[in-house]
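First up is the structure itself, then whatever we jot down about it.
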Number of protein chains: 2
Amino acid sequence: MQLRVVVMLETDRSLFMSDAPSFRNPTAHDVARLAGVSQSAVSRAFTAGASISPDKREKIIAAADQLGYRPNILARSLIQGTSKVVGVVFGQFENPFFAHALDRFAEEFAARGLRILLFTAKTNATVDEQVAELLSYKVSAVILMAVNLSSKLAAECARSNIPVVMFNRTTEEDHAAFTVTGDNAAGATAIARHFLATGRKRIAYMAGYDDSSTSRQREAAFFAALADSGLPPPRRAIGHYSRHGAIEATRALFASASDQPDALFCANDLMAIAAIETLRAEFGIEPGAQCAVAGFDDIPMASWPSFSLTTYSQPVADMVARAVAFIAGETGEEQAVVVPGKLIVRNSA
Amino acid sequence: MQLRVVVMLETDRSLFMSDAPSFRNPTAHDVARLAGVSQSAVSRAFTAGASISPDKREKIIAAADQLGYRPNILARSLIQGTSKVVGVVFGQFENPFFAHALDRFAEEFAARGLRILLFTAKTNATVDEQVAELLSYKVSAVILMAVNLSSKLAAECARSNIPVVMFNRTTEEDHAAFTVTGDNAAGATAIARHFLATGRKRIAYMAGYDDSSTSRQREAAFFAALADSGLPPPRRAIGHYSRHGAIEATRALFASASDQPDALFCANDLMAIAAIETLRAEFGIEPGAQCAVAGFDDIPMASWPSFSLTTYSQPVADMVARAVAFIAGETGEEQAVVVPGKLIVRNSA
DNA sequence: CTGTTAGCGCCTTCAT
DNA sequence: ATGAAGGCGCTAACAG
C-alpha cells in the first residue's frame with residue numbers, strides 16, 4: 001500500500017513539472033550565498049570592466065558554474081532601458097539577395113554582441129504593427145529590409161531614440177531614417193547604355209512593385225537613358241519581385257508574336273532568371289542573341305552557367321557594413337548612403 | 001541677441017539627445033496618472049482577459065495613445081519568467097530549403113504571438129555558445145536548424161524546462177530533444193529503386209557532412225537498397241551541403257573519363273543542382289539519359305525547367321507545423337517525428 | 001471590478 | 001574593492 005502511494009506522488013510530480021516550470025533558475029543571490037559574497041559582487045563579476053578583485057571574481061565564477069548560473073538578460077535590459085537586440089523586419093525569403101543580406105547582418109551583429117529579433121512582414125501594411133511591437137522590446141535599432149515604414153512610426157522610433165535603417169529602400173519623407181541602397185540610377189543607366197550599344201531597339205522593362213522606391217528609381221533612370229537616345233518609352237509589366245509574377249509578366253510582354261521585345265531589363269535578378277527560363281521554355285527564345293535579358297543585384301545564381309545573367313551588382317557585404325556602422329554610431333552625418341556597384345556582362349545580354 | 005541664445009540652447013539639446021536617451025518612454029504610471037486610475041488598472045487594460053470595465057479600459061487606452069505608451073515586454077517577461085520569444089539557431093542561408101523553413105516558422109509563430117530571436121552558427125562547435133546565450137534570454141523554446149546540440153546543453157535546456165526542437169536532424173543520444181525530419185530512409189530507398197528500375201549500374205553518392213545525421217541516414221538506406229540488389233557499394237564523395245563543395249565532389253566523381261558513374265544521388269537538392277550544372281558545363285553530360293541525377297528536399301528550384309530535378313520531397317510546411325505544435329504543447333508524447341514525402345520523378349533521372 | 005502591496009533579477013549609486 | 005539599499009516597469013496575489 002505504501003508503495004502505491006509513493007508511485008502516485010511521483011506521477012503527480014512529473015505531471016506538474018511538465019505543466020509549469022517547477023525548477024527555479026539560480027539567481028545572482030544564490031551564487032552570492034554560495035560564494036560568500038554580496039549579490040552586487042556577483043553582478044560585477046559578470047560585468048566587463050567592473051572593479052572587482054581577480055580572486056573574488058574567480059570564486060564567483062566557480063560558484064556560478066556549479067549552479068549553472070547565467071545573468072538574466074531581461075533584468076539587465078530592464079534596468080539599462082535598452083537591450084542588445086536589433087529588430088529586423090524581413091519580407092522576401094524567396095529572394096537570395098535578402099537571405100544573403102540577413103546572413104551578413106547576423107554575422108556583423110554577432111561580432112558586436114548584438115542579437116536579431118526577427119519579424120516578418122509580407123506587405124507594407126503590416127510593417128507598422130511589427131515595428132510597434134519591436135519598440136516594446138526596447139530594441140537598440142530597427143532594420144527594415146525591402147519594406148517601407150510610415151512616417152508616424154518612424155517618428156515614434158526617433159522619439160525613443162531608436163535608429164532606423166532602411167535597407168535597399170529609400171524614402172522621400174524627411175523623417176530621420178538612414179537608408180542604404182545600391183546605385184539604382186547608375187545601374188539602370190549602365191544597362192540601358194549596354195542595350196543601346198548592342199543595337200537593341202524594342203526594349204522592355206519589368207518593374208518590381210509600383211510602390212517600391214528601388215523599382216521606381218531603376219525605372220526612372222532606365223527610361224531617361226533611353227529617351228536621351230530618342231527611343232520611345234519601353235513596354236512595361238509588373239513582376240512583383242517574385243518568380244511567379246515575373247513569369248506572368250514575361251508572357252504578357254512577349255504575347256504578341258509579331259512584336260516581341262529584343263531586350264528586357266528586370267528590376268531584380270530573381271525576376272530576370274524567371275524571364276530567361278520562360279523565354280526558353282515557352283517562346284523558344286535563347287536569351288543573349290535574339291533577346292537580351294538583364295537583371296539587378298548580381299545574386300550568386302546570376303553567375304550560374306544555366307543563366308549567365310548580365311546584371312548590375314549590389315555589394316551586399318558593403319551595404320550591410322554601412323548599415324551596421326551607422327547603428328554602432330561609427331558613422332558621420334550621412335543619411336542616404338548609396339553604395340556603387342558595377343555592370344557585370346555575361347551571356348544573357 | 002536673444003535669438004542667438006535660443007539657437008545655442010537648441011544645439012546643446014540636440015547634441016545631448018544624440019548621445020544619451022534624454023527622452024524617457026512613458027510608463028504605466030504615467031498613463032495611470034493621466035487617466036486617473038491605478039497603475040494596475042493600466043496593466044489590466046493591456047492584458048487580454050483581465051477583469052476590467054470596458055469604459056475604464058477605453059479611458060486608459062485613450063490616455064496611453066496620447067502618451068504613446070506601450071507595455072515594456074522586458075518587464076513583463078521578467079516577472080513571468082519566460083518571454084514570448086523562441087530562439088532559432090540557423091546555419092544554412094545558402095540553402096533555400098532552410099530559408100523557406102524559417103519563413104514558415106516565422107509565420108506560424110506570428111500566429112501564436114511568438115517572436116524569433118535569431119542566432120547563427122556556421123559550425124556545430126559554436127552552437128553550444130549560442131544556445132547558452134539563448135537561455136539567458138529566457139526564451140520559451142529553442143529550434144535548431146541543421147545543427148546539433150551537445151548533450152550537456154540539451155540537459156541545461158531540459159533543466160530550465162525549455163523545449164528543444166531539432167529540425168531536419170536527429171540525435172542518437174536520449175536527451176529529451178524533439179526531432180522532426182523527412183523520411184530519409186524511405187526517400188533514399190525510393191531513389192535507389194528508381195535508379196535500379198531504370199537500369200543504372202555505376203551508381204555514386206554525394207554526402208553532405210559526415211557528422212550530419214540526415215546525410216548518414218540517407219546514405220545508409222541508399223547503400224542498403226543497392227546492396228539488396230547485389231550491387232557493390234557506390235562511389236562516394238562529400239559535398240558539404242554547399243554548391244562549391246558539390247562542384248568539387250562532382251569533379252572528383254567524374255574525373256576518370258573511362259569509368260564515370262551513370263547515376264548520382266546527392267544528399268540534397270542544392271548539391272544536385274550544382275552537380276547538374278557541372279556535368280553540363282565541364283563534362284558535356286546532359287543529366288537524364290547518360291547519367292541520372294537525383295536530389296533530396298524538392299526545393300522550388302528543383303522544378304525549374306533548367307534543372308527538372310528528380311528528388312524526394314520534404315514537406316516543409318508540415319514539418320514546421322509539427323515542430324510548432326510540439327512547442328505549443330499541442331502534441332502528445334512523440335519525440336522523433338518523421339514526416340513522409342514522396343518521390344518526384346522529373347527529367348534528371 | 002479595483003487599488004494596494006510585494007516582488008521578478010539585476011544594476012547602480014552611495015557609503016564604507 | 002566591497003556591501004547595503006533603492007529602484008527599472010510591470011504582474012500577481014491580496015483585500016476590499
Side-chain angles (χ1 to χ4, degrees), chain A residues 20-61 63-64 67-84 133 135-140 160-161, chain B residues 20-21 23-60 63-64 67-84 133 135-140 160-161:
Chain A
S22 69
F23 178 85
R24 196 177 62 81
N25 278 316
T27 72
H29 273 109
D30 301 330
V31 177
R33 210 172 305 129
L34 179 61
V37 298
S38 76
Q39 184 268 330
S40 13
V42 177
S43 171
R44 291 186 180 107
F46 281 91
T47 305
S51 38
I52 187 171
S53 67
D55 53 333
K56 186 156 277 190
R57 154 175 265 130
E58 265 183 57
K59 215 171 19 177
I60 292 173
I61 298 290
L67 263 44
Y69 167 81
R70 309 206 93 237
N72 184 331
I73 296 193
L74 264 28
R76 172 180 296 177
S77 303
L78 176 59
I79 295 172
Q80 299 180 153
T82 172
S83 62
K84 288 276 198 185
E133 170 132 19
L135 292 181
S136 56
Y137 279 94
K138 305 297 165 197
V139 294
S140 55
S160 303
N161 247 288
Chain B
F23 177 86
R24 197 177 61 81
N25 278 316
T27 72
H29 273 110
D30 301 330
V31 177
R33 209 173 304 129
L34 179 60
V37 297
S38 76
Q39 183 268 331
S40 27
V42 177
S43 171
R44 290 188 180 106
F46 282 90
T47 306
S51 37
I52 187 170
S53 68
D55 53 332
K56 185 157 279 190
R57 153 175 264 130
E58 264 182 57
K59 216 173 15 178
I60 293 173
L67 263 45
Y69 168 80
R70 310 208 91 238
N72 184 330
I73 297 193
L74 265 28
R76 171 181 295 176
S77 303
L78 177 60
I79 295 172
Q80 299 180 150
T82 172
S83 61
K84 288 277 197 183
E133 170 130 20
L135 292 181
S136 56
Y137 278 94
K138 305 298 165 196
V139 294
S140 55
S160 303
N161 248 288

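In what follows, every heavy atom counts, from backbone to side chain, and hydrogens, waters and symmetry copies are set aside. Keep in mind the model is a prediction, meaning the values are calculated, not measured. Here is the naming used below: chain letters follow the sequence lines, and residue numbers restart at 1 for every chain.
- A sub-4.0 Å separation between OP1 or OP2 of D/dT2 and a side-chain N or O of A/Lys56 is present.
- With rounding to whole Å, B/Gln80 atom CD is found 15 Å from C/dC8 atom P.
- In this entry the distance linking CD1 of A/Ile52 with C1' of D/dG3 reads 12 Å, nearest Å.
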Inset, instruction - Check the pair A/Arg33 / A/Asp30 against side-chain contact (heavy atoms from CB on, under 4.5 Å), numbers first and verdict last. - result: CA-CA 5 Å; A/Arg33 210 172 305 129; A/Asp30 301 330; 3.6 Å; yes
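- We find that CZ of A/Arg70 is positioned 13 Å from P of C/dC11, with the value rounded to whole Å.
- For C/dT4, its base never sits under 3.5 Å from the side chain of B/Ser38 at any donor and acceptor pair.
- Separating the CD1 atom of B/Ile73 from the P atom of D/dG9 is a distance of 15 Å, rounded to the nearest angstrom.
- Under the 3.5 Å distance criterion, the side-chain polar atoms of A/Ser83 are matched with a main-chain donor or acceptor of A/Lys138.
- Heavy atoms of A/Ser51 sit under 4.0 angstrom from at least one base atom.
- For the atom pair CZ (A/Arg44) and CZ (A/Arg57), the distance works out to 11.5 Å, reported to the nearest 0.5 Å.
- Side-chain nitrogen and oxygen atoms of A/Arg76 include at least one within less than 4.0 Å of the OP1 or OP2 phosphate oxygen of C/dC11.
- Within 4.0 Å (heavy atoms only), A/Arg57 reaches no atom of the nucleic acid at all.
- When heavy atoms are screened at a 4.0 angstrom cut-off, B/Ser43 is found touching base atoms of the nucleic acid.
- Here A/Gln39 lies in heavy-atom contact (under 4.0 Å) with a base.
- Evaluation of atom-type donor-acceptor distances gives no pair under 3.5 Å for the side chain of B/Arg24 against the base of D/dG9.
- The residue among B/Asn72 and A/Asp55 whose nearest nucleotide of DNA chain D is located toward the 5' end is A/Asp55.
- The nearest heavy atom of DNA chain C to A/Leu78 and to A/Arg44 marks one nucleotide each, and the one closer to the 5' end goes with A/Leu78.
- Not one N or O on the side chain of B/Ser40 forms a donor-acceptor pair closer than 3.5 Å with the backbone of B/Ser43.
- Spacing between atom CG of A/Asp30 and atom P of C/dC8 amounts to 11 Å, rounded to whole angstrom units.
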Legend entry - Pair A/Asn25-A/Tyr69, side-chain contact (heavy atoms from CB on, under 4.5 Å): steps then yes or no: CA-CA 7 Å; A/Asn25 278 316; A/Tyr69 167 81; over 6 Å; no
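- What separates CD1 of A/Ile79 from P of C/dC10 is a distance of 9 Å, to the nearest Å.
- Across all strands shown, B/Tyr69 has heavy atoms under 4.0 Å from sugar-phosphate atoms exclusively, and none from any base.
- The residue A/Ser53 sits close only to the backbone: its heavy atoms come under 4.0 Å of sugar-phosphate atoms, none of a base.
- Atom CD1 of A/Ile60 is separated from atom C1' of D/dT2 by 10 Å (rounded to the nearest Å).
- The interatomic distance linking A/Lys138 (NZ) with D/dC8 (P) rounds to 14 Å, in whole Å.
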